[in-house]
Each structure stands twice: as structure tokens, then as C-alpha cells.
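Just passing along the structure, written as C-alpha cells.
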Number of protein chains: 2
Amino acid sequence: MSNEKIRVLLVDDHKLIRDGIEAMLLNTKDIEIIASVSSGEEAINEVRQNKPDVILMDIMMGGMTGVEATRWVKEFDPAVKVVLVTMEISKEYVSAGIKSGVDGYLPKDIDKDTLIDAVRTVQGGGRFFNDAIMKLVFEDFYSHEKLKSSDKKLPNDLTKREHEILNLVASGKSNKELAESLFISIKTVETHKTNILEKLGLKNTTELVRYAIKNNIISIDSL
Amino acid sequence: MSNEKIRVLLVDDHKLIRDGIEAMLLNTKDIEIIASVSSGEEAINEVRQNKPDVILMDIMMGGMTGVEATRWVKEFDPAVKVVLVTMEISKEYVSAGIKSGVDGYLPKDIDKDTLIDAVRTVQGGGRFFNDAIMKLVFEDFYSHEKLKSSDKKLPNDLTKREHEILNLVASGKSNKELAESLFISIKTVETHKTNILEKLGLKNTTELVRYAIKNNIISIDSL
DNA sequence: AAATTTCTCAGGGTTTACCCCGACTCGTCA
DNA sequence: TGACGAGTCGGGGTAAACCCTGAGAAATTT
């Protein structure tokens, strides 16, 4: 298909790691390491001068972090693929990495085949996240969803009408707008809101909005 | 260690599926199928009478769904482990399943070893979700996080002080509380808020809170 | 050094939110 | 049938939020 090799740039402030990765990729016919640098700043320079296809970058480095460098690279040219390499995986890093547009995420203790697989996958436009990372995200999702359900069991003495009011309040309507859209007087709206606040132990509309979002009475996406 | 077999209950309205699963588990020494029923209602009955250790249940059934049945079972006795089995995986089902307290989730095209592994895992108190499900959740997470980052690029002309105010407003503080915690006058707070509202095109504190949550200026978890 | 922005605050006003009370209607349930 | 909860309003009030204008002090930029 193509005789072009995948041009890889290595970025890590530990030479040992760079050499290790380089050794792993050395005898792979379709992969070529064009440079090996030790900082995000150098990496940016390298990207500007001779554009690599894939960057394997450490996430923790002195100076600019891998995430920041990724952001820069992706702004400069989104076609350059970036795979972050990390000692330990944490939800914050994964999240930050994804936000910066990273294409893959690997732990440092990967084996040769996985590494090569990752490089080829991102080069082909795919994403490569290893199982541990997907599991991490899932665990987080799992605990969140479970919390939601247990939260929801707190007795909610609100009447139908009060729920209706709460929904509209949470969607940003003022008392007047509420009265108009429900064809009732402002006085009635005030009565309902007072009752709601009392029942939920809140003190004003602001807290009501926060309560509604926290308890998924209105979805975050609808904001 | 234990001579007790894992007592399994099968629930699926297709006898074919039940028989298939039964066949898979037949020659496993530590697993015993105590009953095989075709509806959620029967399953509940079975749980009441001779408590199984693990339930393998179809998620889509005539009458009560697997999710509803799970909810009932978990309320009756959380020690009974439930694994949902499904034709196709969708985020909604996974989410609903987790909320109802399910311990595992399997596609119908699993092989024998995976099935046995799942039963043993949940019996031992673990959770069993196959890779496809974790990947599904991850994909969802991925697209959400990417969206967030692109959203964030909308220019934000707020000054440092205004950001500070916005944060506190979003955390539920009134003008007076704000003034006190920043050691400035209420008038100053009002001025800042007015400027913020004007810059963001909003009209009151309620909308400000919604804006802050939507744009991740404060995290949902902190609510 | 001058211009601009940011942060601070005030007077004085309008509007909205919140509070406490009472009261009428309409269902439901005992 | 009579008590009760839910929903509907009003009066009359205080407090909070919001608006407009102006303006001095400090920091930042030019």
C-alpha cells in the first residue's frame, strides 16, 4: 500500500525511557524515529520544522507538560497524532488529555506489540486507549451512577404542581415568567416556591437551581 | 475452600436462550442451576422462596423488564447478585442497569468461559462488565470531554476579580455573603455582578449559576 | 508620563424575591 | 359529611437584587 514509514517523534525528559521506546520500535519496518527530545518546548520546535506523523510524549515533564504541548501541537496541526505516555493513570490526566485532543494514552510498562499497535492505530486515524484507562473511566461512571440512584431515594414530598414549578425555576424562569407560562398569578407562584424551599430546606432560587441540577431534576445537557 | 455450589437462577422469556446458558454451565462443578423461569414475576417468586446466589437475567422481557426485576431483587436482598444479559448494549441500558444495582452485564454472544468467569466474579463480590461495555462508556466520556474543550474556547472577557465573583455566586452565595467574604462593599459586588451579567449576556443570578455549571466553572460534584 | 482598564464605592431609584397571614375552591378519603 | 391536602389568590410588608449614574484609587499598558 504505502512505502512511507510512520515518522515518530519521542518526547520524554528521561533519556532511558526514550531509548527504551526507541529500541522497541527499532526493527519495525513501517516505523521510523525522526527525533528524540527531552522537553515540550523542543517537541514544538520539532513539529514546526519537520512534521512528524505521531508523537509519543511523556505526560509529566519538567517545564511544559505533555498536555500543554499536546494542546499546542493540535492547534498547530490536528493531523499530527499524539499519544501520551504515563507512569500512572489518573482520571484527571485522562480527562485533561482528551480535552487537549490526544489520540492515545499508554502506561509506561507496555510491551512492544502494544506500542507498535498504538502507533499504527493512531496513524490510521483511530484512537488508542488501553484497557486500564477504559476501566478507570468506567469505574468512575459506575460510582457516579450508583450515587445518583441512592440519592434519588431521599423522600421527595413535592406535589405534582410543585415539581412542575421546580422544573421551570431550574430552567431559569423568573416568578413573572412562571406565572405567565402557567396562567396563574404571581402570588400563586410565590406560594408554591415558598413551599418548595421549605420542603427542601433551601433558602432562595439560586439554591433551588443548584439543587435541581445536582439531583438531576433537569439535565446538565439542557443548560 | 467451599463445597457449596453457586446457586444460579436463569431468567429469560426465550427457552432457547435459557437452555443454551444451562448447557454452558452444566459441567461446571461449582455452579448449579436451581431454576429456569421465563419472566421477571416468576424470578421474584423464586428469589422469595429459595434464594439463589446469582441471577442471570435477560434485560428485555415481556411484562416486567430485567431492570425492574433487578431493582426489586436488590431491595429484597442486596446479597443476591444479578447479571443482566442483553442482545445489544446501549448506554441507556447500562446506565439503567447500574442504577438498579446490577453486578454484571453481558452480551448474549459470550463464550462459555466468560460466562463462568462472570458468575464466579459476581459471586465473589466483584463486578463483571465486558470490554464492549466499558468501551461504550469510554466512548461516551471521550465525546463529552472533547465537546467540553471546544466549548471552552468561547472568548471569556471576564477579569480576575469577576471570575472570582462568578465562582462564589455559582457556589450559592448572596451579594451580602459575597461582600463579607471578600471584604468589599455590597455596592462593589453589585457592580461586578452587573458587569458580569452584561459581558455574558445574562440577566440574573439564576442564569449565572446555570452558566457557571454549564461551562464547568464549578464542578457538578461540588454542588 | 499618559491613557486605559480594573477595582472600588455611593446615592437613589425600580423591580423582584421572599415572608406571614388569611381565605376560597375542589377533589379525595374516611 | 366533614376533615384534609392541593391548588389557587390577595394584602401588606421587608429584604434582596438589579439599574443608572458618577467617581476616585490603583494597577497595567502604551
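A note on names: the letters A, B, ... follow the listed sequences, proteins ahead of strands, and every chain is numbered from 1. Computed from a predicted structure; not experimentally measured.
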The side chain of A:Thr188 is closest to which nucleotide in this list: D:dT8, C:dC7, D:dG10?
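Output: D:dT8.
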Tell me: NZ of B:Lys160 to C1' of C:dT8, nearest whole Å?
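After rounding, the reported distance stands at 16 Å.
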Starting at CG of A:Asn195 and ending at C1' of C:dC19, how long is that distance when rounded to a whole Å?
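It works out to 12 Å between those atoms.
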If you check the B:Thr159 side chain, which of D:dC19, C:dT6, D:dG7 turns out closest?
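Given the options D:dC19, C:dT6, D:dG7, the side chain of B:Thr159 is closest to C:dT6.
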Can you work out whether B:Lys199 or A:Thr194 has the more 5'-proximal nearest nucleotide on DNA chain C?
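The residue mapped nearer the 5' terminus is B:Lys199.
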Please report, rounded to the nearest Å, how far the P atom of C:dC18 is from the NE2 atom of A:His192.
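It works out to 15 Å between those atoms.
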Among C:dC18, C:dA17, C:dT8, which nucleotide sits nearest the side chain of A:Ser174?
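Output: C:dA17.
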The side chain of B:Lys176 lies closest to which of these nucleotides: D:dA16, C:dC18, C:dC9?
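Shortest atom-to-atom distance from the side chain points to D:dA16.
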Nearest heavy-atom neighbours spanning A:Leu202 and A:Leu208:
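Smallest interatomic distance, heavy atoms only, reads CD1-CD1, 3.4 Å.
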Return the nearest nucleotide to the side chain of B:Ile184; candidates are D:dA17, C:dT8, D:dT8.
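Closest nucleotide to the B:Ile184 side chain: C:dT8.
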How about A:Lys15 and A:Ser38: does a side-chain donor come under 3.5 Å of a side-chain acceptor?
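Not at all, the side chains of A:Lys15 and A:Ser38 share no donor-acceptor pair under 3.5 Å.
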Does A:Glu190 or B:Ser185 map to a spot on DNA chain C nearer the 5' end, using the closest nucleotide for each?
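Looking at the nearest nucleotide for each, B:Ser185 comes out on the 5' side.
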Whole-Å distance separating the CD atom of A:Glu164 from the P atom of D:dG7:
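Taking atom P of D:dG7 as the reference, CD of A:Glu164 is at 9 Å.
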To the nearest angstrom, how far is B:Ile186 atom CD1 from D:dC19 atom P?
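Result: 16 Å.
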Checking side-chain hydrogen bond (donor to acceptor under 3.5 Å, both in side chains) for the pair A:Glu190/A:Thr194: CA distance, chi angles, key distance, verdict?
CA-CA 6 Å; A:Glu190 286 177 357; A:Thr194 304; over 6 Å; no
A:Leu202 CG to C:dA17 P, straight-line distance once rounded to whole Å:
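Distance, rounded to whole Å: 16 Å.
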Do A:Phe128 and A:Tyr105 have ring centres separated by under 6.0 Å?
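Ring centres of A:Tyr105 and A:Phe128 not closer than 6.0 Å.
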Does any part of the side chain of B:Glu42, heavy atoms only, come nearer than 4.5 Å to the side chain of B:Val11, both counted from C-beta?
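No, too far: nothing below the 4.5 Å cut-off.
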Do the side-chain N or O atoms of A:Asn175 get closer than 4.0 angstrom to the phosphate oxygens (OP1, OP2) of C:dA17?
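Affirmative; the distance criterion is met.
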Mapping B:Thr191 and A:Phe183 onto DNA chain D by nearest heavy atom, which one lands closer to the 5' end?
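With B:Thr191 and A:Phe183 compared, the 5'-side residue is A:Phe183.
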Return the value, rounded to whole Å, for the distance between atom CG of A:Leu178 and atom P of C:dT16.
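Result: 14 Å.
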D:dT8 OP1/OP2 closer than 4.0 Å to side-chain N/O of A:Arg161:
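It does, given that an N or O in the side chain of A:Arg161 lies less than 4.0 Å from OP1 or OP2 of D:dT8.
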Atom CG of A:Leu197 to atom P of C:dC20: distance rounded to whole Å?
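The answer, rounded to whole Å, is 12 Å.
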What's the closest nucleotide to the side chain of B:Lys193 if the choices are D:dG12, C:dA17, D:dC18?
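So the side chain of B:Lys193 is nearest to D:dC18.
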What is the nucleic acid contact for A:Thr205, judged by heavy atoms within less than 4.0 Å: base, sugar-phosphate only, or nothing?
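Contact class for A:Thr205: sugar-phosphate only.
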